[in-house]
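From a predicted model like this one, the values you see are computed outputs, not experimental measurements. Order of listing sets the numbers, starting from 1, for every ligand and every atom in it.
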Amino acid sequence: MASSDFLEVKNLSVSYRVYNTEIKAVKNVNFTMEKGEILGVIGESGSGKSTMAKAILRAIKPPGFIDPSSKIMFKGKDLLSMKESDFKKEVLWKLISYVPQASQNSLNNTMRVIDHFYDTAYSHGVSKEEVTERAIELLKLVKLDVDRVAKAYPFQLSGGMKQRVLIALSLLLNPELIIMDEAVSSLDVATQKYILDIIKDINKKLGTSIIFITHEIPVAAYISTRMLVMYAGEIVEEGKVEEILKNPLHPYSNALINSVPLIRGSMERVKPIKEGLPSEKGCPFNTRCDKVMEICKVEHPEIYQVNDRGVRCFLYANKAK
Ligand SMILES: Nc1ncnc2c1ncn2[C@@H]1O[C@H](COP(=O)(O)OP(=O)(O)OP(=O)(O)O)[C@@H](O)[C@H]1O
Ligand SMILES: [Mg+2]
């Protein structure tokens, strides 16, 4: 795997202890990210996307725990071994910020929009004057009508407007990386596109790197340049978005792409993905795979490199370079 000075996630595993069993939500995830990149993370519900995001933000709470062999390096800092107070002071919001899943509900309906900016800044020792100016600049950047929105209460705004407030808020302390978890998922398609264009613009103008998590493949295709496909807590395919869309290697990526009309362009090709729970033995996708072989039911595949693509599937065991 390539190394990066920006973000490097090594061997990340996260489990939840529920009653007497452990649910492995993220399993040995490895990836790197370059500065300025928009990295898409795609996978169906329960595939571990949010858990992975929370691990990078050190936001895993009991009953969840990060396996001690995991390592996350960000610009030379070993995030998981930092003191919690140092992580909060030096990293959170300032270097890495977050737009959490279902975040529209995280705005406080009794506080005006501008007060959310004051609140966040206050906890980082930034003065009110500095914040007012920056908040206005950021609300404009996300194309909100500052005069109306700054003094409004969240319940007076539409879902798309609230989502844009949260994106502006995540930029307050000028972070280098923003992790956006399902940032456009509850919105209609036109609003989605409008916000995705704003995010692309932020990436271009400010150079902010973005990890964009979504379960909608057209959204990932539109926003990102590189993509990680997750299934049952593992990365099953990694590569450039246009290459994965044109020629998905993993049967799960292929099924995902074929299940969406927008990508293939014709309704005839649309085929729902076969249902089934991930297999405990062998390849987790063996219960739903249309190319399943005997080995897939017994052994667990590693990631094979095919050109500049990584793919966790025995179909490529002999083609790997
Ligand atoms: N707090 C928790 N306690 C117990 N199990 C959890 C907890 N949070 C997540 N899990 C489990 O971890 C696995 C991964 O969940 P996660 O929320 O990371 O998936 P996701 O890919 O973000 O899904 P979605 O698309 O629905 O947001 C699931 O099996 C889920 O049930
Ligand atoms: Mg999630």
Is [X] salt-bridged to [Y], cutoff N-O under 4.0 Å?
{"X": "Lys240", "Y": "Asp308", "answer": "yes"}
{"X": "Arg309", "Y": "Glu237", "answer": "yes"}
{"X": "Glu302", "Y": "Arg312", "answer": "no"}

For [atom], what is the closest protein heavy atom, and at what distance to 0.1 Å?
{"atom": "atom 29 (O) of ligand 1", "value": "Ile23 CG2, 4.0 Å"}
{"atom": "atom 13 (C) of ligand 1", "value": "Ala25 CB, 3.7 Å"}
{"atom": "atom 26 (O) of ligand 1", "value": "Ser45 OG, 2.5 Å"}
{"atom": "atom 5 (N) of ligand 1", "value": "Tyr16 CG, 3.4 Å"}

- Taking the six-membered ring of Phe87 (Phe, Tyr or Trp), confirm whether the NZ or CZ of Arg58 is under 6.0 Å from its centre and within 45° of its axis.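 Pair Arg58/Phe87 counts as cation-pi.
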- Looking at Tyr118, is Lys128 sitting on its ring face, NZ or CZ under 6.0 Å from the six-membered ring centre and within 45 degrees of the normal?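 That pair qualifies as a cation-pi contact.
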- Task: Give a yes-or-no answer on whether the side chains of Ser253 and Tyr231 include a donor-acceptor pair shorter than 3.5 Å.
- Result: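 Their side chains do not contain a donor-acceptor pair, so the 3.5 Å distance test is not met.
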- Could you verify whether a donor N or O on one side chain and an acceptor N or O on the other, from His300 and Glu234, lie under 3.5 Å apart?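 A pair is found: one side chain offers a donor N or O, the other an acceptor, under 3.5 Å apart.
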- Query: Do you know which of Ser106, Ser50, Ser186 makes side chain to side chain donor-acceptor pair (under 3.5 Å) with Gln101?
  - Reply: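 Testing Gln101 for a side chain to side chain donor-acceptor pair (under 3.5 Å) against Ser106, Ser50, Ser186 leaves exactly one candidate, Ser50.
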- Message: Using a 3.5 Å cut-off on N or O atoms only, is Gly46 in polar contact with ligand 1?
- Response: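 Right, the criterion is met.
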- Message: Minimum distance, heavy atoms only, to atom 27 (O) of ligand 1: which one of Lys49, Glu44, Gln101, Glu216 is it?
- Response: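 Comparing heavy atoms across Lys49, Glu44, Gln101, Glu216, the nearest one to atom 27 (O) of ligand 1 lies in Gln101.
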- Message: For atom 17 (O) of ligand 1, which of the options Ser47, Ala55, Ser50, Gly48 provides the nearest non-hydrogen atom?
- Response: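 Closest candidate by heavy-atom distance is Ser50.
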- Is Arg226 reaching over with its side chain to a backbone N or O of Val241, donor-acceptor style, under 3.5 angstrom?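 Not confirmed, Arg226 side chain does not pair with Val241 backbone.
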- Query: Given the protein's heavy atoms, is any one of them under 4.0 Å from atom 31 (O) of ligand 1?
  - Reply: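 Within 4.0 Å of atom 31 (O) of ligand 1, no protein heavy atoms are found.
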- Sub-4.0 Å protein heavy atom near atom 2 (C) of ligand 1: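 Under the 4.0 Å cut-off, atom 2 (C) of ligand 1 does have protein heavy-atom neighbours.
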- Task: Specify side chain, backbone, both or neither for Ile213, according to which of its non-hydrogen atoms lie closer than 4.0 Å to ligand 1.
- Result: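 Neither; no heavy atom under 4.0 Å.
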- Any idea which atoms of ligand 1 are less than 4.0 Å away from a heavy-atom of Thr51?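 With Thr51 as reference, the close atoms of ligand 1 come out as 14 (C), 15 (O), 16 (P), 18 (O).
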- Query: Of all the atoms in ligand 1, which lie at a distance below 4.0 Å from a heavy atom belonging to Val18?
  - Reply: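 In order of numbering, the contacting atoms are 4 (C).
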- From the Mg ion (ligand 2) out to just under 2.8 Å, does an N/O/S atom of Gln101 turn up?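 An N, O or S atom of Gln101 is closer than 2.8 Å to the Mg ion (ligand 2), so yes.
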- Query: Would Ser50 count as a contact for the Mg ion (ligand 2), in the sense that one of its N, O or S atoms lies under 2.8 Å from it?
  - Reply: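 Yes, since at least one N, O or S atom of Ser50 sits under 2.8 Å from the Mg ion (ligand 2).
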